[in-house]
Amino acid sequence: MRLVALGTALVGLLVVACGAMPADAPPAATPLVVQTTVRGLAAPAACEGRFVEHRLGVTTGARMREIATYASNGAGLAAGDLDGDGRLDLVLASIDREATILWNDGGLRFVPQPLAAQFTRAVTVVDVDGDGALDITFTHRGRAAPSLWRNLGARRFAASTLPGVGSYAYTLAWADLQGDGALDLVTGAYDAELKNFGLTADELRAVGGVTLYEQRAGAFVGHQLADRAEALAIGLMDLDDDARPDVWIGNDFALPDACWVRQGGDAWRPDYPFSQTSHSTMSIDWGDLANDGRMALFTTDMNPGDVSVEILAQWLPVISTLEEKHGPFDPQIMANTLQVRDWRGAWQNEAARRGVDATGWSWAGRFGDLDNDGFLDLYVVNGMIASNLFGYLPGGELVEANRAFRNRGDGTFAAAPEWGLGDTASGRGLLLADMDDDGDLDAMVNNLRGPAVVYENRLCGGTALAVDLRWPGSPNPYAIGARLELETSVGTLRRDVRVGSGYLSGDAPRIHFGVPAGATLERLIVRYPDGAVATVHDLQPHTLIEVIR
């Protein structure tokens, strides 16, 4: 289903400074001119009120005779337009084989291409060198630093390195943390797995922990933020309202989550803004749930959503061995958290009140407007396979259904089993993106010991506006870190451009706005990472608009 060009407009726009920019922020340029190209989206599939599963023919973990911790943690996936044909392609990491690129030929038809990146965990699709072509970065199982696969064009990639990046990493994330235009890298190690590979405590402190790599002239200069980590997830978002991304590391086990905020210049200081966090933080995502400008931050953990006797009998033998004693000031709880600011500006955990504190043995949890009603919904993938933990269950597997939640329109959630997203294939990596260009978000899951799948969205109602940002000549050509605000007749919808969130997975830089049926699109405001602001008018629903700065 190819996109159809509708028109091009060149619009001159004045630049204004973002409010609340830090004193050391780079000055905004003047004046700003953006070019907009609008293309129509494909006709949506038949309305069925549910998602339809399509297997992708790639499986991680199938070559392992036995899956135990930490192979049980699986691998992620990422999306981006790798060949410049306007369609989002997929990259699947794999813990027991080479990675796979799935080239999107339209209509949910994918052509697989093996990539000689072995035993991969986290994956992001990101333009590392600022040449306008999306590259691929991976972390790897065991004792390894991240790797780079440079995009050569014509669907070819070359194995490369990230110069100066030497820390072992389980997970990674990208953002312009220094405010100089280039994308910087944060890596987090998983000490428990590294110990399993024989690293000593001294070696762990030297090559593990949390490291922030500042990109300078194509090389990376590392600053170790912590010499200990059990990092399963990294979130780079604004925690202190200074319009700059901060660093949040989601740690497994009894090691608490860790946060750092920018202190000016190149300095970073530890900060711990949360009164409660998940005990074993597996995934981090964030979004404006009530369209009120307030960001909510979501983490997943292990907490059964079903407390029937049958389910608890499967859980308790393992949980009784994993649960650790907490002191009176320990913020960790074995549950999902949903952090929302209160009237004082302090973060409060509202997961239980909003209906999403207990979803199972949960890995990735992602926000996305699945039903195109203008509000972000939630999808969480579940399950656990570990012969050394669940040897009393068939195949050593805790079988659980994935869970979808519909946003009621006020930032609270209702379970949506009718959407047909309750697969039991032991999901790990998850991303939400429009893979068939028909205006609604599909769901892609990288399962463990089961084929990866795409769930085609055939829900009913609403339409969408998709947005691509392009910033030619910048070290950040996809404007990662920009904030988009879509003003409509029913409220203002906010989205962030990013390349990674959730669990081990990379976001497509293409932004999706669900638009309720009958709503009027008034204007799109683009707030760039350097403080410049552009406004785009004359928006039409069911289109993809490319904004070229």
Side-chain angles (χ1 to χ4, degrees), residues 3-4 6-14 16 18-19 32 34-45 47 49 286-296 340-341 354 367-378 405-414 416 419 432-434 437-441 457-469 479 482-497 510-528 532-547:
L3 302 176
V4 181
L6 295 182
T8 301
L10 187 66
V11 185
L13 298 167
L14 295 178
V16 297
C18 263
L32 176 64
V34 298
Q35 176 181 333
T36 61
T37 300
V38 182
R39 296 184 289 175
L41 297 174
C47 167
W286 60 96
D288 182 354
L289 301 183
N291 297 335
D292 58 3
R294 302 168 64 206
M295 297 301 288
V340 183
R341 289 192 188 274
R354 299 192 184 210
F367 293 125
D369 186 359
L370 297 175
D371 56 359
N372 278 349
D373 68 348
F375 293 93
L376 293 173
D377 307 299
L378 177 65
F405 296 87
R406 177 182 55 82
N407 191 327
R408 294 187 176 99
D410 58 0
T412 66
F413 294 91
W419 286 355
L432 304 175
D434 183 3
D437 298 318
D438 65 353
D440 50 31
L441 290 175
N457 191 335
R458 295 187 182 179
L459 298 183
C460 310
T463 183
L465 178 74
V467 182
D468 280 338
L469 299 185
R483 187 177 77 198
L484 279 65
E485 299 165 6
L486 178 62
E487 296 184 358
T488 78
S489 58
V490 295
T492 299
L493 318 182
R494 170 182 166 177
R495 304 287 187 266
D496 295 334
V497 183
R510 179 170 297 168
I511 296 301
H512 169 270
F513 291 99
V515 181
T520 301
L521 303 182
E522 296 172 353
R523 63 176 183 166
L524 175 70
I525 300 173
V526 182
R527 303 185 186 276
Y528 288 90
V533 177
T535 302
V536 180
H537 297 278
D538 300 324
L539 305 170
Q540 297 296 323
H542 206 68
T543 60
L544 166 64
I545 180 170
E546 183 180 60
V547 181

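If you read the sequence from its start, that first residue is 1, and numbering goes on from there. None of the values given here were measured: they were computed from a predicted structure.
- Partners of F367 under the ring-ring contact (aromatic ring centres under 6.0 Å, His included) rule, at least two apart in sequence or in another chain, are F298.
- When the side-chain hydrogen bond (donor to acceptor under 3.5 Å, both in side chains) test is applied to R408, the partners found at least two apart in sequence or on another chain are T412.
- The two residues D369 and L441 make their nearest non-hydrogen contact at N-CD1, 3.6 Å.
- At a threshold of 4.5 Å between non-hydrogen side-chain atoms, the residues V547 and V536 count as touching.
- Contact annotation: the side chain of L521 never approaches that of F513 to less than 4.5 Å [non-hydrogen atoms, C-beta and beyond].
- Between V467 and L524 there is a side-chain heavy-atom pair separated by less than 4.5 Å.
- Here Q540 pairs with T543 under the side-chain contact (heavy atoms from CB on, under 4.5 Å) rule; sequence neighbours left out.
- Remark: R523 pairs with E487 by the side-chain hydrogen bond (donor to acceptor under 3.5 Å, both in side chains) rule, at least two apart or across chains.
- Ion pairing between a basic and an acidic side chain is recognised when a charged N comes within 4.0 Å of a carboxylate O; D377 and R406 show no such pairing.
- Looking at L41 and D438, their side chains never come closer than 4.5 Å, going by heavy atoms from C-beta outward.
- The two residues A296 and V340 have their closest heavy-atom pair at CB-CG2, 3.8 Å.
- The shortest distance between side-chain heavy atoms of L544 and D437 does not fall below 4.5 Å.
- With sequence neighbours excluded, the residues satisfying side-chain hydrogen bond (donor to acceptor under 3.5 Å, both in side chains) with E485 are R483, R527.
- A pairwise comparison of heavy atoms in R294 and D288 identifies O-OD1, 3.5 Å as the closest pair.
- Here the side chains of F413 and N407 are in contact, with some heavy-atom distance below 4.5 Å.
- Side chains of L486 and L539 form a contact here, defined as non-hydrogen atoms less than 4.5 Å apart.
- With sequence neighbours left out, A517 forms a side-chain contact (heavy atoms from CB on, under 4.5 Å) with no residue at all.
- Considering only heavy atoms from C-beta on, E546 stays 4.5 Å or farther from R39 through its side chain.
- Across V34, I511, L484, a single residue satisfies side chain to side chain contact (heavy atoms under 4.5 Å, CB included) together with L469, and that is L484.
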